[in-house]
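Heads up: the structure comes next, in structure tokens.
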Amino acid sequence: MKTMKALPHFLVMGALLVGGACSSSKTSSDATADSGVGAMPSGTDVANNPPAGTANGAATSSTGDTGTGMGSVAAADVPAGDLAVFMGTFSTMTDPVFLIDAGSSNILEIQVGELAAQKAASPDVRKFAQSMVALHTQNDQELRTLARELNATLPTTMLPVHQHLADRMLGKTGKSFDESYMDLMEKAHKLDIAMFEVKSKNAENPAVKSFATRNLPLLHSRRALADKIENKVD
């Protein structure tokens, strides 16, 4: 008789567990639907930009971090074009991942800067592009020193989220090229400022915190200048 009485209670508990799992699944689906993923243009297919640690030499972290969640991965794991998702990783990203993402941003700034220094129609845009190449080349040298200290391998090519931005320059010439480049600079600096602000406050490594803090004023001034030049060429 005791067994018969316990059975209904067991069945009720099982039903509650199943119901809870379904509720959790729905919550996860709703959160994904509300995250804005896919709202940005699709850009470069992620299949053409393998994630970190693959054979193309893209960014990896050898810190042994096995944490889960967006904060424990680099931009290589964010679909190209999903800038909102990328920015959502900033608040929890580890120091090595910050260096990896900053390294990819440097590649973007240098490569499109070199292109703009040659192709831009506006003298102001060409001058700005030249300054970006110089500044980010210097920044990259300091970044590599920090990366060695934290055992983080910096990327040799742009990660998908940055490659997506660079691809917007394809096929542009003349005034259209200038407008596209300055628009890209505005977006790139917005991303960098948000990322560096987080690390200036919560970096685990004092050297990383110092690096982020020292670069913030320059990033703000570069963004202000980019906005000013963009208004002139629009």
Side-chain angles (χ1 to χ4, degrees), residues 44 46 49-80 82-83 85-114 131-166 184-185 187-220 222-223:
T44 305
V46 178
N49 296 274
T54 56
N56 73 340
T60 60
S61 173
S62 56
T63 60
D65 180 17
T66 58
T68 58
M70 297 303 290
S72 63
V73 297
D77 298 293
V78 177
D82 283 336
L83 300 184
V85 174
F86 179 45
M87 292 183 74
T89 70
F90 295 169
S91 62
T92 54
M93 68 167 49
T94 62
D95 286 358
V97 169
F98 164 69
L99 299 180
I100 288 169
D101 292 348
S104 177
S105 178
N106 276 340
I107 296 173
L108 168 69
E109 296 277 6
I110 293 169
Q111 289 189 1
V112 298
E114 290 174 341
S131 70
M132 287 296 96
V133 173
L135 285 170
H136 284 275
T137 298
Q138 179 180 350
N139 180 274
D140 194 61
Q141 294 173 353
E142 184 176 0
L143 195 64
R144 291 186 180 281
T145 299
L146 281 175
R148 284 194 294 271
E149 294 177 4
L150 274 68
N151 291 324
T153 303
L154 298 186
T156 57
T157 58
M158 277 180 274
L159 303 179
V161 69
H162 294 123
Q163 184 66 58
H164 169 78
L165 293 175
L184 185 156
M185 288 295 96
K187 287 182 173 62
H189 281 86
K190 178 181 179 180
L191 290 172
D192 281 348
I193 287 171
M195 183 167 64
F196 275 66
E197 281 183 341
V198 169
K199 277 302 167 185
S200 71
K201 299 173 183 177
N202 68 5
E204 301 94 359
N205 186 293
V208 173
K209 185 174 184 178
S210 175
F211 172 78
T213 302
R214 284 185 288 103
N215 277 279
L216 267 175
L218 183 59
L219 288 171
H220 279 291
R222 292 292 94 185
R223 183 185 178 186

Separation between CE (Met132) and CE (Met185), nearest 0.5 Å, reads 7.5 Å
Hits for salt bridge (charged side-chain N to carboxylate O under 4.0 Å, His left out) against Asp192, two or more places apart or cross-chain, chain-then-number order -> none
Taken in chain and number order and not counting sequence neighbours, the residues that satisfy salt bridge (charged side-chain N to carboxylate O under 4.0 Å, His left out) with Glu149 are none
Please check: side-chain N/O of Lys199 versus main-chain N/O of Met93, any donor-acceptor pairing under 3.5 Å? yes
Heavy atoms of Leu150 and Asn205 approach each other most closely as CD1-ND2, 3.6 Å
Between Glu109 and His189, is there a side-chain heavy-atom distance shorter than 4.5 Å? yes
In short, Glu197 meets Leu216 closest at the heavy-atom pair CG-CD2, 3.5 Å
For Ala212 and Ser200, the nearest pair of non-hydrogen atoms, with its separation, is CB-N, 3.7 Å
Sequence neighbours excluded, the answer for salt bridge (charged side-chain N to carboxylate O under 4.0 Å, His left out) partners of Glu114 is none
Q) Below 4.5 Å, heavy atoms only, C-beta onward: do Met87 and Met195 meet side chain to side chain? A) no
*asked:* Let's go through Ile107 and Leu154 carefully: what are the C-alpha distance in whole Å and the side-chain angles of both, what is the deciding distance for side-chain contact (heavy atoms from CB on, under 4.5 Å) to 0.1 Å, and is it a yes or a no?
replied: CA-CA 10 Å; Ile107 296 173; Leu154 298 186; over 6 Å; no
Value for CD (Glu204) from NZ (Lys209), rounded to nearest 0.5 Å, stands at 11.0 Å
So CG of Asn139 and CZ of Arg144: to nearest 0.5 Å the spacing works out to 11.0 Å
Residues at least two apart in sequence or cross-chain that pass ring-ring contact (aromatic ring centres under 6.0 Å, His included) with Phe98, listed by chain then number, are Phe196
Taking every heavy atom of Val133 against every heavy atom of Thr137, the minimum-distance pair comes out as O-OG1, 2.6 Å
Sorted by chain and number, sequence neighbours left out, side-chain contact (heavy atoms from CB on, under 4.5 Å) with Ala134 holds for none
If we only count heavy atoms from C-beta on, is the Leu83 to Leu165 side-chain gap below 4.5 Å? yes
Open item on the list: Whether the side chain of Glu142 engages the backbone of Phe211 through a donor-acceptor N/O pair (distance < 3.5 Å, no angle test) should be reported.
Closed with: no
Does Thr89 reach the main-chain N or O of Phe86 with its side chain, forming a donor-acceptor pair under 3.5 Å?
-> yes
Worksheet item: Is there a side-chain contact between Gln163 and Thr157 (heavy atoms, below 4.5 Å)?
Response: no
One should read off an interatomic distance between Arg222 CZ and Ile193 CD1, to the nearest 0.5 angstrom, of 11.5 Å
When rounded to the nearest 0.5 Å, the distance separating CG of Leu99 from OG1 of Thr153 is 11.0 Å
Correct closest heavy-atom pair for Gly103 and Pro155 would be C-CG, 4.0 Å
- Message: I'd like to know if the side chain of Ser210 and the backbone of Pro206 have a donor-acceptor N/O pair within less than 3.5 Å.
- Response: no
For Arg148, the salt bridge (charged side-chain N to carboxylate O under 4.0 Å, His left out) test, sequence neighbours excluded, returns none
When every non-hydrogen atom of Ala166 is compared with those of Val112, the smallest separation belongs to CB-CG1, 4.0 Å
Answer yes or no: is there a side-chain heavy-atom contact under 4.5 Å between Leu108 and Leu184?
yes
Review point. Is the side chain of Asp140 donor-acceptor paired with the backbone N or O of Asn106 at a distance under 3.5 Å, no angle test?
Key: no
